[in-house]
Amino acid sequence: MQTPSPDSSSSPAARNGSKGKAKPWIITGSCVVAAAALYFGGAAFVSAQIPANTSIAGVNIGSMSQDEARVALSESVAPLAAEPFEVLVNSKSYKLDPAKAGLTLNIDDTVADLTGYEANPADLIDRLSGKYTATASVDVDKEKLDTELQALAEKANAEVTEGEITFASGKAKLVAPVDGVSLKQDEAANLLSEEWRIGAEGIELPSDVTKPKISPDALKAFYDDQVKSLLAGKVTLTSDQKKVDISVDSIAAAASYTPKDDAPAITLDDKKLFEAATKNSELSSTAKNARITLANGKPTITKSVAGVALETKGLGAKVLAATETKERTAKVVLTASEADFTTEDAKKLGIKEEIVEFSTPYPTNDTVRTKNLRAGSERINGTVVEPGENFSLLEALGPITVANGYFGSGVVVDGFSSEAVGGGLSQISTQLYNVGFLGGFDDVTHKPHSRWFERYPAGREATLWEGSVDMIWKNNSPYGVMIQAWVSGDRVHTRLWSTKYWKVSQKSSGKYNQTNPETKYNTAKDCVSESGGQKGFTIDITRNRVTVDGSKTLPPDVKSWTYQPWHKVVCGEKP
């Protein structure tokens, strides 16, 4: 029988030794596993709890169960999440509606985030110590957010606007500059998606900002210093022994804000200051204008006379400099000057020959009406209408008041006879319409009477009513036109003096579409009864114009008008 060889590893002693003593690495590994199990188990337990003192948007949900937390978030935080919140664009405040912007509280995700597993020791310590910072989970509807930011951009975006200083009635007004602003919508959407917090206020949204060339502070400092000094009082202009004061109102009227080289500045208008300084003052020009007047029934030129006048150039700069001194005085000079309207100017107008005359009869038994005709004729007599200028009869006659020499007389209102101050002046209107018509001038506006008066050419007459109905024609010739008007015998006369420029012909269609008069009842307190009788009708008037030298022909000028019949008028209610 073979004897076994000695084997220490299989000997009883060896086997007994390995059973009685564990190896060190096994012990260490076991401890680590046990400790890890204990840590991660504890971490799982801590993570599953809502940390003490946890709050969302100021609502404390610490130590609540998940179900309790959901109820608290639903009842207290969700309403806060629906309230409009403040955003800023270039520091200007706006409100956004979370619902419209697609920002909504997700309660389930919020609770899940608060109770999710956490193994980071620092976070676990924060949870256990009450220092944990809780954040609500928010769902973002990108499409809604983009739409709401587009609407915000339409309100917040602005073009850069420079500041302004305006002047009126002796005072200045500062208009502050405005930044140019362009909301960066994509960046703003990302910012709100990532950083919006329920209850947060004053979220500055990203934008491109363009600053004005002159800052608000610089403009305000200029206004407080130089502009207030400019309007602090009058300025006195002196020349030898002559002087005149320029009022604050006149200075303001001449002032304008004129920035230069990106710095605020004020300019004073030379001509406006000249007008203010020379109006009935010691510095008024001694030159005399030429005048065109009627003498012995014809236009006569009174020659102009040269003189001395205040030097206009640089006047604004002198006054501006004076406003910066304590004395507020500027020295000025008087220089030789021609009249504003010289003899040559008068001659160039070509007012030298009669080009048209027109007259109509008037009822001599109405003495008050005749007074109005004389007063109106005197007011327009000698009026000069320059080339390209409009002649307005209301401007020439007005105001039509008793204080201005007019009287109450008969008029036609809405087809009925009545009375008003200036009654009869429509005959002056008819006179002036016809000389303009026959002289070839452009009809700007006129209105015939509602009923035809036999003393006027049918279709070629015009009424007048202050404030609503004017008679205006335009001098479309290269020459001036002088109006001569007078009342003589039983007729009203009007004559135009100029250089003949147009040859005028006209034709009438004659009366057509005639209508019979009816009986009308008038309940007005100042009703005037009428017997009536004359038919109404329509008529067309055609005017043709060609220049005297034949170089220019205008299209036919056709005017149509329908006159009402002369109804029988009975005062009172219809039976």
Side-chain angles (χ1 to χ4, degrees), residues 353-363 380 385 387-393 412 415 425-464 469-479 481-485 490-517 533-566:
E353 62 182 342
E354 177 187 323
I355 62 169
V356 63
E357 182 176 345
F358 182 79
S359 69
T360 52
Y362 69 91
I380 62 175
V385 186
E389 185 180 11
N390 284 352
F391 170 75
S392 162
L393 184 57
V412 175
L425 291 179
S426 60
Q427 185 157 3
I428 302 291
S429 184
T430 293
Q431 290 288 126
L432 269 296
Y433 172 74
N434 272 276
V435 291
F437 177 92
L438 297 172
F441 303 124
D442 291 338
D443 175 30
V444 176
T445 184
H446 86 286
K447 182 181 179 181
H449 287 81
S450 57
R451 306 187 303 194
W452 178 52
F453 294 86
E454 290 185 345
R455 58 179 172 268
Y456 305 144
R460 272 177 42 203
E461 46 86 29
T463 187
L464 192 73
V469 181
D470 199 357
M471 193 296 305
I472 304 174
W473 46 255
K474 180 179 180 179
N475 179 3
N476 57 1
S477 80
Y479 306 106
V481 177
M482 173 175 273
I483 299 171
Q484 184 179 6
D490 61 352
R491 301 186 75 84
V492 182
H493 301 266
T494 310
R495 181 182 292 152
L496 297 184
W497 295 86
S498 185
T499 295
K500 194 165 183 65
Y501 183 71
W502 295 106
K503 287 194 298 184
V504 178
S505 62
Q506 65 91 29
K507 63 179 179 180
S508 168
S509 66
K511 302 174 185 177
Y512 64 96
N513 289 344
Q514 297 193 28
T515 54
N516 293 319
Q534 186 171 279
K535 293 184 176 182
F537 60 90
T538 298
I539 192 168
D540 306 325
I541 303 294
T542 302
R543 177 176 64 162
N544 293 292
R545 293 172 288 176
V546 60
T547 54
V548 171
D549 62 8
S551 63
K552 183 177 181 180
T553 300
L554 296 181
D557 177 21
V558 181
K559 297 284 191 297
S560 297
W561 188 254
T562 298
Y563 292 100
Q564 299 175 10
W566 283 72

Asks: Within a strict 4.5 Å, meaning less than it, do heavy atoms of the Leu393 and Gln431 side chains meet?
Replies: no
Asks: Might you work through the salt bridge (Lys or Arg N to Asp or Glu O under 4.0 Å) test for Asp490 and Arg455, ending with a clear yes or no?
Replies: CA-CA 12 Å; Asp490 61 352; Arg455 58 179 172 268; over 6 Å; no
Asks: Please step through side-chain contact (heavy atoms from CB on, under 4.5 Å) for the pair Thr562 and Asn513, ending with a clear verdict.
Replies: CA-CA 9 Å; Thr562 298; Asn513 289 344; over 6 Å; no
Asks: Please verify the inter-ring angle class for Tyr433 with Phe437; under 30° counts as parallel, over 60° as perpendicular, anything in between as tilted.
Replies: tilted
Asks: Under a 4.5 Å cut-off applied to non-hydrogen side-chain atoms, are Val558 and Ile541 in contact?
Replies: no
Asks: Find the distance between CD1 (Ile355) and CE (Met482) and round it off to the nearest 0.5 Å.
Replies: 12.5 Å
Asks: Distance from Thr463 atom OG1 to His446 atom NE2, nearest 0.5 Å?
Replies: 10.5 Å
Asks: Does Ser508 use its side chain to pair, donor to acceptor, with the backbone of Gly510 at less than 3.5 Å?
Replies: yes
Asks: How would you list, by chain and number, every residue that makes a salt bridge (Lys or Arg N to Asp or Glu O under 4.0 Å) with Glu389, sequence neighbours excluded?
Replies: none
Asks: Under the rule for side chain to side chain donor-acceptor pair (under 3.5 Å), what residues qualify as partners of Lys559, not counting sequence neighbours?
Replies: Asp557
Asks: Report, as yes or no, whether the 6.0 Å neighbourhood of atom NZ on Lys474 holds more than 12 heavy atoms from other residues, nucleotides or ligands.
Replies: no
Asks: Within the 4.5 Å heavy-atom criterion, are Lys503 and Ser505 side-chain neighbours or not?
Replies: no
Asks: Hey, does Phe453 have a side-chain heavy atom less than 4.5 Å from the side chain of Glu461?
Replies: no
Asks: So Trp473 and Val385, side-chain contact (heavy atoms from CB on, under 4.5 Å) or not? Walk me through it.
Replies: CA-CA 10 Å; Trp473 46 255; Val385 186; 4.2 Å; yes
Asks: Taking the side chain as C-beta and beyond, is there a heavy-atom pair between Arg491 and Pro361 under 4.5 Å?
Replies: yes
Asks: Which atom names give the shortest non-hydrogen contact between Pro387 and Ser477, and what distance separates them?
Replies: CB-O, 3.4 Å
Asks: Just how far is it from atom OG1 of Thr538 to atom OH of Tyr512, taken to the nearest 0.5 Å?
Replies: 5.5 Å
Asks: To the nearest 0.5 Å, tell me how far Ser392 OG sits from Ile472 CD1.
Replies: 4.5 Å
Asks: Could you walk me through whether Trp452 and Ile539 pass the side-chain contact (heavy atoms from CB on, under 4.5 Å) test, one step at a time?
Replies: CA-CA 11 Å; Trp452 178 52; Ile539 192 168; over 6 Å; no
Asks: Is the shortest side-chain heavy-atom distance between Thr547 and Trp502 below 4.5 Å?
Replies: yes
Asks: Examine the side chains of Ser551 and Asp549 and answer whether a donor and an acceptor come within less than 3.5 Å of each other.
Replies: yes
Asks: Can you name the nearest heavy-atom pair linking Gly440 to Asn476, along with the distance?
Replies: O-ND2, 3.2 Å
Asks: Let's go through Gln484 and Trp497 carefully: what are the C-alpha distance in whole Å and the side-chain angles of both, what is the deciding distance for side-chain hydrogen bond (donor to acceptor under 3.5 Å, both in side chains) to 0.1 Å, and is it a yes or a no?
Replies: CA-CA 8 Å; Gln484 184 179 6; Trp497 295 86; 2.7 Å; yes
Asks: Return the CZ to NZ distance between Arg543 and Lys507, rounded to the nearest 0.5 Å.
Replies: 15.0 Å
Asks: Check Tyr563, Trp561, Trp566 against Phe537 for a ring-ring contact (aromatic ring centres under 6.0 Å, His included) and give me the one that passes.
Replies: Tyr563
Asks: Roughly how far, to the nearest 0.5 Å, is CG of Leu432 from OG1 of Thr494?
Replies: 5.5 Å
Asks: Counting N and O atoms only, with roles assigned by atom type, does the side chain of Thr553 sit under 3.5 Å from a partner on the main chain of Val546, one being a donor and the other an acceptor?
Replies: no
Asks: Any chance you could lay out the side-chain hydrogen bond (donor to acceptor under 3.5 Å, both in side chains) test for Tyr456 and Asn434, step after step, and finish with the verdict?
Replies: CA-CA 10 Å; Tyr456 305 144; Asn434 272 276; over 6 Å; no
Asks: Contact between Phe358 and Thr360 at the side-chain level, heavy atoms closer than 4.5 Å - yes or no?
Replies: yes
Asks: Of all the heavy-atom pairs spanning Gly533 and Pro517, show the shortest one and how long it is.
Replies: O-CG, 3.8 Å
Asks: Could you go through the side-chain contact (heavy atoms from CB on, under 4.5 Å) check for Leu438 and Arg460 one step at a time?
Replies: CA-CA 10 Å; Leu438 297 172; Arg460 272 177 42 203; 3.9 Å; yes
Asks: Using a 3.5 Å distance criterion without hydrogens, assess whether the side chain of Thr430 forms a donor-acceptor pair with backbone atoms of Ala462.
Replies: yes
Asks: Answer whether the closest heavy-atom distance between the side chains of Glu353 and Thr499 falls below 4.5 Å.
Replies: yes
Asks: Given Asp470 and Thr445, is the side-chain hydrogen bond (donor to acceptor under 3.5 Å, both in side chains) satisfied, shown in steps?
Replies: CA-CA 7 Å; Asp470 199 357; Thr445 184; over 6 Å; no
